Student: 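Dropping a structure here in structure tokens format, bear with me for questions.
Keep in mind that this is a model prediction, so the values were computed, not measured.
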Amino acid sequence: MDSLSQLVLGAAVAAACVPARHRRKALLVGAALGTLPDLDVLIDYGDAVSNMTFHRGFSHSLFVLPVVALLLWAVLRRFWAPVREAPRAWGWAILLPLVTHPLLDALTVYGTQLFWPLTTPPVMGGSLFIIDPLYTLPLLVAVLVAALAGEARRAGAAVVVGLALSTGYAGWSLVAQRHVDAMAEESLRGTPHADAPRFVVAMPFTTLAWRVVVVTPEGYLEGERSLVADRGPIDFVEHRFDRRLLEEAGGLWAVQRLLWFSHGFQRADVVDGELRLADLRMGQHPTFFFTHVVGRREGGAWVPADNRQIEQPRVREGQLAGLWRRVWFGEPIPGTPFAERASARAQAAEAKSGATPAINASK
């Protein structure tokens, strides 16, 4: 999740643990601890693939963070009076902001290595987008009220209510995701892809619209679902690429690492003799946020490249407004394959009916 969400979550959790007289101090400590795990982004591992796949590693491990919390608690208990006054309460106030950080991150699709140093693939929930105002706002309001009210009872109540609302919203996201996954399962029943690997991920800033990706032997299927506007089965668009590229370049470390990190949800393409892998989990065809150059042809074989990241536009013109219309009215978002297909269907319908297509005066 974004830094603000982690900061206010850590602050609220810590404030809920300590005596009222320590509440303001706990807000500051919790905010700092809630931010601490993400400081691993300051570490340069040498290339873009390494930086991406080692992020949310040791600093997000449920094996590491409790040890860090215990050591920090022991130091503060010796040198800081509030911890000596309420050691048990402050033990929780130090531990919970640290461990709730990776647990919240695990609800996003990026991938969080909760069990580092075990080599299990990162946990990728996908039920929350990395920025979701409806998750963050209750916590932000609670922290502001607690900071202003201090020891007053309403400050403690605000913290409890903020945590309850944000946690309830996170729970709702899991329920909604499971519902969309069930719809995808039903939509794929009876097709060759009924048992194919798939994931369901929340679309930007909302849990009312979802994206579904299904792996196929020829590439992948991409579908969308608005919980408000859509009815009937999920309609999928097929995208093809040469999956043999992943096998041919399977000996490259970067290819192995990205496939592990993304649970295999990668697209492979050759551009100007370079092998590019695009993470299908983040973005939407044809633009994926994490696209890396991982190999190049040399003597008929793939050899390692510089693993650099290809910059991609995060938001295209009209997409935010289009997302709003997608959620509430079911209209395709401009610039997506669904918008292109809707346009093609409209043109085909016009041609079939004998209508004269409208002329775009701007051309």
Student: By salt bridge (charged side-chain N to carboxylate O under 4.0 Å, His left out), which residues pair with R296, not counting sequence neighbours?
Tutor: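 E298.
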Student: Treating T191 as the side-chain partner and H193 as the backbone partner, does any N or O pair qualify as donor plus acceptor under 3.5 Å?
Tutor: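 Side chain of T191 to backbone of H193: a pair is present.
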Student: Please evaluate residues I130 and D2 with respect to the criterion side-chain contact (heavy atoms from CB on, under 4.5 Å), reporting the C-alpha separation (whole Å), side-chain torsions for both, the decisive distance (0.1 Å), and the verdict.
Tutor: CA-CA 6 Å; I130 57 170; D2 63 284; 5.7 Å; no
Student: Once salt bridge (Lys or Arg N to Asp or Glu O under 4.0 Å) is applied, what residue pairs with a partner in residues 279-295 remain, sequence neighbours excluded?
Tutor: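 Salt bridge (Lys or Arg N to Asp or Glu O under 4.0 Å) check on residues 279-295 returns D279-R281.
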Student: Evaluate R211 against E222 for salt bridge (charged side-chain N to carboxylate O under 4.0 Å, His left out), listing each step before the verdict.
Tutor: CA-CA 7 Å; R211 178 171 164 264; E222 198 171 33; 2.8 Å; yes
Student: Can you check whether I234's main-chain N or O pairs, donor with acceptor, with S187's side chain at less than 3.5 Å?
Tutor: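 Indeed, once roles are kept as given, a pair shorter than 3.5 Å links the two residues.
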Student: Enumerate donor-acceptor pairs with a distance under 3.5 Å from any side-chain N or O in residues 71-81 to protein atoms, sequence neighbours excluded.
Tutor:
| residue | atom | partner | partner atom | Å |
| --- | --- | --- | --- | --- |
| W73 | NE1 | P87 | O | 2.9 |

Student: Which pairs count as salt bridge (Lys or Arg N to Asp or Glu O under 4.0 Å) when at least one residue sits in residues 98-117, sequence neighbours excluded?
Tutor: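 Qualifying pairs, neighbours excluded: R56-D105.
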Student: Under 6.0 Å between the ring centres of Y110 and H55?
Tutor: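 That pair passes the under 6.0 Å test.
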Student: Is there a chain of hydrophobic side chains (I, L, V, M, F, W, Y, each step under 4.5 Å between heavy atoms) that links V293 to M52?
Tutor: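 No, because V293 and M52 fall into different hydrophobic clusters, even though each may have its own neighbours under 4.5 Å.
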Student: State whether the side chain of S59 and the backbone N or O of P37 hold a donor-acceptor pair below 3.5 Å, judged by distance alone.
Tutor: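 Yes; judged by distance alone, with no hydrogens or angles, the pair exists.
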Student: Check whether W253 reaches the backbone of P304 with its side chain - one donor and one acceptor, N or O, closer than 3.5 Å.
Tutor: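 Here the side-chain-to-backbone pair does not exist.
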Student: Could you give all pairs that pass the salt bridge (Lys or Arg N to Asp or Glu O under 4.0 Å) test and reach residues 79-100, with sequence neighbours left out?
Tutor: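 Output for this query lists R21-E85.
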Student: Sequence neighbours left out, cut at 3.5 Å: what donor-acceptor pairs do the side chains of residues 148-165 make with other protein atoms?
Tutor:
none

Student: Flag this pair as yes if the NZ/CZ of R198 is under 6.0 angstrom from the six-membered ring centre of F265 and inside a 45 degree cone about the axis; otherwise no.
Tutor: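 Pair R198/F265 does not count as cation-pi.
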Student: What class does the angle between the rings of H285 and H239 fall in, given that below 30° is parallel, 30 to 60° is tilted and above 60° is perpendicular?
Tutor: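 Parallel, since the angle between the ring planes stays under 30°.
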Student: Just do the side chain to side chain donor-acceptor pair (under 3.5 Å) check on R257 and T53 with the steps written out, would you?
Tutor: CA-CA 7 Å; R257 183 72 179 178; T53 60; 2.9 Å; yes
Student: Less than 4.5 Å apart, any side-chain heavy atom of R276 and any of E274?
Tutor: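 When only atoms from C-beta onward are counted, E274 and R276 do touch, with a gap below 4.5 Å.
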Student: Salt bridge (charged side-chain N to carboxylate O under 4.0 Å, His left out) with E340: which residues, sequence neighbours excluded?
Tutor: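 Scan of E340 (salt bridge (charged side-chain N to carboxylate O under 4.0 Å, His left out), adjacent residues dropped) gives none.
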Student: Pair up each side-chain donor or acceptor in residues 63-70 with any protein partner under 3.5 Å, not counting sequence neighbours, and list the distances.
Tutor:
none

Student: Given the rule in the salt bridge (charged side-chain N to carboxylate O under 4.0 Å, His left out) test, do E186 and R189 qualify, once you have shown the distances and angles that lead to the verdict?
Tutor: CA-CA 5 Å; E186 180 65 26; R189 185 168 295 156; 2.6 Å; yes
Student: With sequence neighbours excluded, what pairs up with D230 under the salt bridge (charged side-chain N to carboxylate O under 4.0 Å, His left out) test?
Tutor: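 Partners of D230 under the salt bridge (charged side-chain N to carboxylate O under 4.0 Å, His left out) test: R326.
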Student: With ILVMFWY side chains joined below 4.5 Å, transitively, what does L137's cluster contain besides itself?
Tutor: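 Taking Ile, Leu, Val, Met, Phe, Trp and Tyr as members, L137 shares its hydrophobic cluster with V141, V145.
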Student: Holding to side chain to side chain donor-acceptor pair (under 3.5 Å), I want the full list of residues that pass it with S50, two or more places apart in sequence or in another chain.
Tutor: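 Only D47 meet the side chain to side chain donor-acceptor pair (under 3.5 Å) criterion with S50.
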Student: Kindly write out the residues that satisfy salt bridge (charged side-chain N to carboxylate O under 4.0 Å, His left out) with D269, not counting sequence neighbours, or none if the list is empty.
Tutor: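 Per chain and number, D269 pairs via salt bridge (charged side-chain N to carboxylate O under 4.0 Å, His left out) with R267.
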Student: Starting from the C-alpha separation in whole Å, work towards a yes-or-no answer on side chain to side chain donor-acceptor pair (under 3.5 Å) for T207 and Y169.
Tutor: CA-CA 9 Å; T207 54; Y169 183 76; 3.1 Å; yes
